[in-house]
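One structure is given below, encoded as C-alpha cells.
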Amino acid sequence: MSRLTLALGLVLALAAGAAPAHAQELNCTVAINRQQLTGSEYEFLDELRNQVERYFNDRAWTDDVYDNRERIDCTVQITITQAVSLTQFNAQIAIQATRPIYGTAQRSPTLRLLDNSWQFNYARCQALTLDLNRFDSFSSVLDFYALVIIGTDYDTFSELGGQTYWERARQVADLGRAVTSDLGKGWTALNSTDDRSRSDLVQQMLDPTFLPLRRAQFAYHFDALDHFTTTPEASWTAALASLEALHELYLTFNRRRYATDVFYSAKFTELASLFRESPQRNEAYSYLSEMDATHLSTYDVLVSGR
C-alpha cells in the first residue's frame with residue numbers, strides 16, 4: 001500500500017487476477033544543459049537525458065506498491081558548467097518535486113533546491129548501475145536526490161513517514177564524505193560556518209532537533225492543504241500552527257539553516273497565496289518575514305492590501 005493511500009485513508013481494492021500496480025515511485029522529467037561546453041567531442045553528453053530519466057523512473061526505490069497516478073512528479077535539470085577533461089565535468093543539479101493536494105486538481109511544491117558543487121566522471125555509453133553500497137561520482141548524486149525526493153514526499157503524507165529514505169540518503173552521503181578527491185565535492189561543507197552540503201542536509205533532517213520541521217511538513221500538507229477546500233478556517237489555523245512550530249525551531253538557532261531554507265524555497269509563493277485571504281495573515285507575515293527574509297517581497301502581499 002502506498003504512502004498516498006495510507007495518508008488519505010483510501011482503500012485500493014484489487015480484484016483477483018488483476019494486473020499489478022506499477023512499482024516505480026518517480027515520474028521524473030530530466031533536462032541536460034551543456035551549452036557552456038564548446039566542441040563536438042562533448043556531444044555524447046546528450047545521451048545523459050534518457051539515461052538519467054530511465055535511472056530515476058524505471059526502478060523501484062521503495063517496497064511500497066504504487067499506482068501510476070500516485071507516482072511522484074519531479075524534474076531534474078543538470079547543467080554542465082566545465083569540462084575538466086574529456087570524461088570529467090563540473091556541474092549543477094536543480095531538483096523540483098510536487099505532490100497532489102487532496103480534493104483539488106492542484107499540486108503543491110515539496111522540494112526545490114540547487115546543488116552547484118558537483119564533479120563527476122562520465123564516459124560515452126557508460127552504464128548507470130544502482131548500488132547504494134558503492135560510491136560513484138555520477139550515480140551516487142542521483143541516488144541521493146531520488147531518496148531526498150521520496151523522503152520529503154513521504155514526510156508530507158504521514159508524520160516522519162520519510163525516515164527510512166532519509167536514513168538511506170545518509171548512507172549514500174557517508175560514502176561521498178569518505179572521498180577525498182575533487183569527485184567528493186558537495187558531500188561535505190566547504191568550511192566550519194557553511195552547512196549547505198548534501199551531508200548537512202540529510203544530517204539536519206535526521207537530527208532530533210529538526211523534528212519540528214518534519215512534523216510541520218506533515219501538518220501543513222495534510223491538516224492545512226489537503227482539507228482546505230472543505231474547512232478553510234481550520235486549515236488556516238493548522239497552517240499558522242505549523243509556522244509557530246517552525247518559529248520555535250528558528251529561535252533555537254537564531255539563524256538560517258539549510259534544511260529550513262530548502263523548505264521555504266519550495267513553499268514561499270504558496271505560503272503567501274494561502275494566507276492572503278486568511279484572518280491570520282498578519283501573524284503569518286510576522287513569522288515569515290523573520291524566518292525567511294529572503295522572500296520578503298513575496299510575503300509583503302499579506303500586509304500591503306494588494
Side-chain angles (χ1 to χ4, degrees), residues 4 7-8 72-75 95-114 149 151-162 204-205 209-306:
L4 177 58
L8 302 180
I72 303 168
D73 286 344
C74 53
T75 63
I95 312 288
Q96 296 190 57
T98 64
R99 57 93 97 187
I101 299 176
Y102 185 56
T104 77
Q106 296 178 299
R107 302 191 66 84
S108 174
T110 55
L111 191 65
R112 184 181 177 218
L113 61 83
L114 174 65
I149 290 168
T152 302
D153 186 81
Y154 275 53
D155 274 352
T156 72
F157 283 101
S158 63
E159 189 171 285
L160 307 183
Q204 289 173 20
M205 295 302 288
T209 306
F210 283 82
L211 288 180
L213 170 61
R214 293 180 60 197
R215 291 192 170 112
Q217 279 266 36
F218 171 63
Y220 172 78
H221 288 90
F222 188 67
D223 295 333
L225 295 186
D226 286 339
H227 292 86
F228 189 81
T229 58
T230 55
T231 56
E233 296 290 341
S235 295
W236 279 322
T237 299
L240 187 66
S242 295
L243 293 186
E244 291 170 348
L246 291 172
H247 188 250
E248 290 182 13
L249 177 62
Y250 175 82
L251 293 178
T252 301
F253 303 107
N254 198 31
R255 67 184 180 93
R256 302 168 65 90
R257 300 302 300 270
Y258 190 21
T260 51
D261 275 1
V262 168
F263 173 82
Y264 293 118
S265 291
K267 290 299 182 186
F268 71 97
T269 301
E270 181 181 81
L271 286 164
S273 177
L274 177 71
F275 280 107
R276 186 168 184 175
E277 303 300 326
S278 169
Q280 299 104 319
R281 58 184 173 274
N282 288 330
E283 294 96 320
Y285 178 81
S286 178
Y287 286 131
L288 291 167
S289 61
E290 180 181 2
M291 295 186 293
D292 185 30
T294 299
H295 299 117
L296 185 60
S297 61
T298 300
Y299 299 134
D300 282 345
V301 70
L302 299 178
V303 292
S304 68
R306 296 195 305 270

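The OG1 atom of T294 lies 11.0 Å from the OH atom of Y264; values are rounded to the nearest 0.5 Å. Atom CD of residue Q204 and atom CZ of residue F253 lie 7.0 Å apart, to the nearest 0.5 angstrom. Between D153 atom CG and I72 atom CD1 the span is 3.5 Å, to the nearest 0.5 Å. To the nearest 0.5 angstrom, I95 atom CD1 is 9.5 Å from L114 atom CG. The OH atom of Y154 sits 10.5 Å away from atom OG1 of T156, with the distance rounded to the nearest 0.5 Å. Atoms CD1 and CD, on I149 and Q96 in that order, are 10.5 Å from each other to the nearest 0.5 Å.
Ring pair H295/Y299 is perpendicular by interplanar angle, where above 60° counts as perpendicular and below 30° as parallel.
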Report task. Decide yes or no on side chain to side chain contact (heavy atoms under 4.5 Å, CB included) for F263 and L246, but give the supporting numbers first. Result -> CA-CA 10 Å; F263 173 82; L246 291 172; 3.6 Å; yes
Report task. Starting from the C-alpha separation in whole Å, work towards a yes-or-no answer on side chain to side chain contact (heavy atoms under 4.5 Å, CB included) for R281 and V301. Result -> CA-CA 9 Å; R281 58 184 173 274; V301 70; over 6 Å; no
Could you give the side-chain donor-acceptor pairs of residues 282-289 under 3.5 Å, partners two or more places apart or in another chain?
| residue | atom | partner | partner atom | Å |
| --- | --- | --- | --- | --- |
| Y285 | OH | D300 | OD1 | 2.9 |
| S289 | OG | Y285 | O | 2.8 |
| S289 | OG | S286 | O | 3.3 |

With a 3.5 Å cut-off and sequence neighbours excluded, list the donor-acceptor pairs that the side chains of residues 217-225 form with protein atoms.
| residue | atom | partner | partner atom | Å |
| --- | --- | --- | --- | --- |
| Y220 | OH | E270 | OE1 | 2.7 |
| H221 | ND1 | Q217 | O | 2.7 |
| H221 | NE2 | K267 | NZ | 2.7 |

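Among all heavy-atom pairs drawn from R215 and L160, the shortest one is NH2-CD1, 4.1 Å. Residue G162 comes nearest to R214 through the heavy atom pair C-NH2, 3.8 Å, listed as atom of the first residue, atom of the second, then distance. Between F275 and L240 the shortest heavy-atom distance is CZ-N, 3.7 Å. Counting all heavy atoms, side chain and backbone alike, A216 lies closest to S242 at O-OG, 3.7 Å. Shortest non-hydrogen contact noted between D226 and P100 is OD1-O, 4.1 Å.
For R112, the salt bridge (charged side-chain N to carboxylate O under 4.0 Å, His left out) test picks out no residue, with sequence neighbours left out. Evaluation of the salt bridge (charged side-chain N to carboxylate O under 4.0 Å, His left out) rule for R107 yields D73 as partners, not counting sequence neighbours. Residues satisfying the salt bridge (charged side-chain N to carboxylate O under 4.0 Å, His left out) criterion with R257, sequence neighbours excluded, are D195.
Every pair passing side chain to side chain donor-acceptor pair (under 3.5 Å) that includes a residue from residues 227-241 is listed here, sequence neighbours excluded: T237-Q280.
For the pair S265 (side chain) and L113 (backbone), a donor-acceptor distance under 3.5 Å is absent.
I101 places none of its side-chain heavy atoms less than 4.5 Å from the side chain of F228.
Taking the charged nitrogens against the carboxylate oxygens, D155 and R99 have no contact shorter than 4.0 Å, which rules out a salt bridge.
The number of heavy atoms from other shown groups lying within 6.0 Å of CD (E290) is above 12.
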